[in-house]
Amino acid sequence: MTNTMDVPAGPGGQPRRTRRRNKGFEETHALLIDTAVRLMSDKGAEALSLSEVAREAGVNRTTVYYHFDSREALLAAVREWSAEQLAVAFAPSDTAESRMRFITRFVLDNPEVIALWTKEFLAPGKVAQRYPRWDALVEDLRAQFGSRKEAADIDTEAFATLLLTWVMIGPRVYRNSVRPDLSTEDSIERLMKTQIAMLRRIGVTLGR
């Protein structure tokens, strides 16, 4: 059962009650998103429906609607989840090589999810509202560029834009249209080594 807790009073002076998600809720929520991602990868985003997610996840439709009141809400959750996966490439954990392998594999394994996120990324509006790590990424790059002569002509926000575009689109173009003869593993290694080398050339370390 979902617990509740008291929070400060609302406009009418009555205590607000807010739901505290319990472990079961969070696990089911994650299961539904994971199922949606798998279905999108297998059949495409257009084929996704709440009823099919319910069937594949082994839950009833009422449970799905408790978590997502519409297909659009589920897709929004998938976009948010994919943005979190992209953020792994810029997070200060593990080595830069491991992070780049992870994100390149994610992009290659989830084309429909990346297409959904890319569409959102290209839409008008503030990118920071869609990609919460944007401001931190820009500030981190700005600090690394500092007053170095070799970075004097680099616009930090433009560089961050190119970096995200490379991460989201580059692996698919390379794998599908440049070197379709390579295995996925070879593609990942070549892309990872090239991007790391390029960044190091100008003194950038992701997720320091």
Side-chain angles (χ1 to χ4, degrees), residues 1-7 10 15-91 99 101-134 164-177 180 183-185 187-188:
M1 180 180 296
T2 301
N3 298 321
T4 61
M5 60 181 177
D6 290 320
V7 294
R16 292 194 185 100
R17 305 287 288 183
T18 185
R19 288 176 176 171
R20 181 190 298 151
R21 294 178 176 181
N22 60 24
K23 183 178 179 181
F25 182 98
E26 298 294 350
E27 289 177 348
T28 301
H29 198 79
L31 170 64
L32 295 176
I33 293 175
D34 182 70
T35 302
V37 170
R38 177 166 50 81
L39 289 172
M40 289 173 62
S41 296
D42 291 343
K43 302 180 180 180
E46 296 303 318
L48 186 68
S49 68
L50 294 182
S51 58
E52 186 171 15
V53 169
R55 182 167 57 252
E56 289 293 322
V59 301
N60 59 51
R61 291 184 64 180
T62 301
T63 297
V64 177
Y65 279 106
Y66 181 70
H67 289 260
F68 306 105
D69 59 9
S70 66
R71 178 178 179 275
E72 289 68 31
L74 175 59
L75 288 174
V78 170
R79 282 195 295 269
E80 182 179 355
W81 174 82
S82 65
E84 292 171 355
Q85 306 312 302
L86 291 172
V88 170
F90 309 105
R99 295 195 305 274
R101 285 192 190 97
F102 169 83
I103 202 61
T104 301
R105 188 183 304 281
F106 175 79
V107 169
L108 292 177
D109 288 348
N110 299 279
E112 292 293 334
V113 174
I114 292 300
L116 183 70
W117 199 89
T118 302
K119 181 179 179 181
E120 183 79 2
F121 184 61
L122 293 173
K126 292 290 186 179
V127 65
Q129 295 177 353
R130 304 181 182 93
Y131 182 63
R133 171 113 177 99
W134 173 261
L164 274 183
T165 303
W166 164 273
V167 168
M168 291 188 298
I169 300 175
R172 298 296 304 176
V173 174
Y174 183 77
R175 181 75 173 91
N176 293 343
S177 305
S183 67
T184 298
E185 294 303 320
S187 295
I188 291 171

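- The shortest side-chain heavy-atom distance between V59 and L32 falls under the 4.5 Å cut-off.
- Counting all heavy atoms, side chain and backbone alike, L31 lies closest to A57 at CD2-O, 3.8 Å.
- Among residues two or more places apart in sequence or in another chain, the side chain to side chain contact (heavy atoms under 4.5 Å, CB included) test is passed with R175 by L108, T184, S187.
- Contacts of A115 classified as side chain to side chain contact (heavy atoms under 4.5 Å, CB included), with partners at least two apart in sequence or in another chain: none.
- The shortest distance between side-chain heavy atoms of I33 and F68 falls below 4.5 Å.
- Here A30 pairs with nothing under the side chain to side chain contact (heavy atoms under 4.5 Å, CB included) rule; sequence neighbours left out.
- Residues M40 and L75 form a side-chain contact, since some pair of their non-hydrogen atoms from C-beta on lies under 4.5 Å apart.
- Taking F121 as the reference, W117 meet the ring pair (Phe, Tyr, Trp, His ring centres under 6.0 Å) condition, with sequence neighbours excluded.
- To the nearest 0.5 angstrom, L74 atom CG is 9.5 Å from L39 atom CG.
- Under the salt bridge (charged side-chain N to carboxylate O under 4.0 Å, His left out) criterion, R79 pairs with E120, sequence neighbours left out.
- Applying the side-chain hydrogen bond (donor to acceptor under 3.5 Å, both in side chains) definition to pairs two or more places apart or across chains, those involving residues 67-77 are H29-H67.
- Taking the side chain to side chain donor-acceptor pair (under 3.5 Å) definition, one finds that K119 meets it with nothing, sequence neighbours left out.
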Hey, mind stepping through V107 and R172 against side-chain contact (heavy atoms from CB on, under 4.5 Å) and telling me if it holds? CA-CA 7 Å; V107 169; R172 298 296 304 176; 3.8 Å; yes
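- Separating the CE atom in M168 from the OG atom in S82 is a distance of 9.5 Å, to the nearest 0.5 Å.
- Under the rule for a side chain to side chain donor-acceptor pair (under 3.5 Å), S177 has no partner lying at least two apart in sequence or in another chain.
- Annotation: the span from I103 atom CD1 to I114 atom CD1 amounts to 6.5 Å, rounded to 0.5 Å.
- Applying the salt bridge (Lys or Arg N to Asp or Glu O under 4.0 Å) test to pairs two or more places apart or on separate chains, those with a residue in residues 29-50 are R38-E56, K43-E52.
- In this structure, CG on N110 lies 11.5 Å from CG on L116, to the nearest 0.5 angstrom.
- Taking the salt bridge (charged side-chain N to carboxylate O under 4.0 Å, His left out) definition, one finds that E185 meets it with R105, sequence neighbours left out.
- Residues meeting the side chain to side chain donor-acceptor pair (under 3.5 Å) test with T63, sequence neighbours left out: N60.
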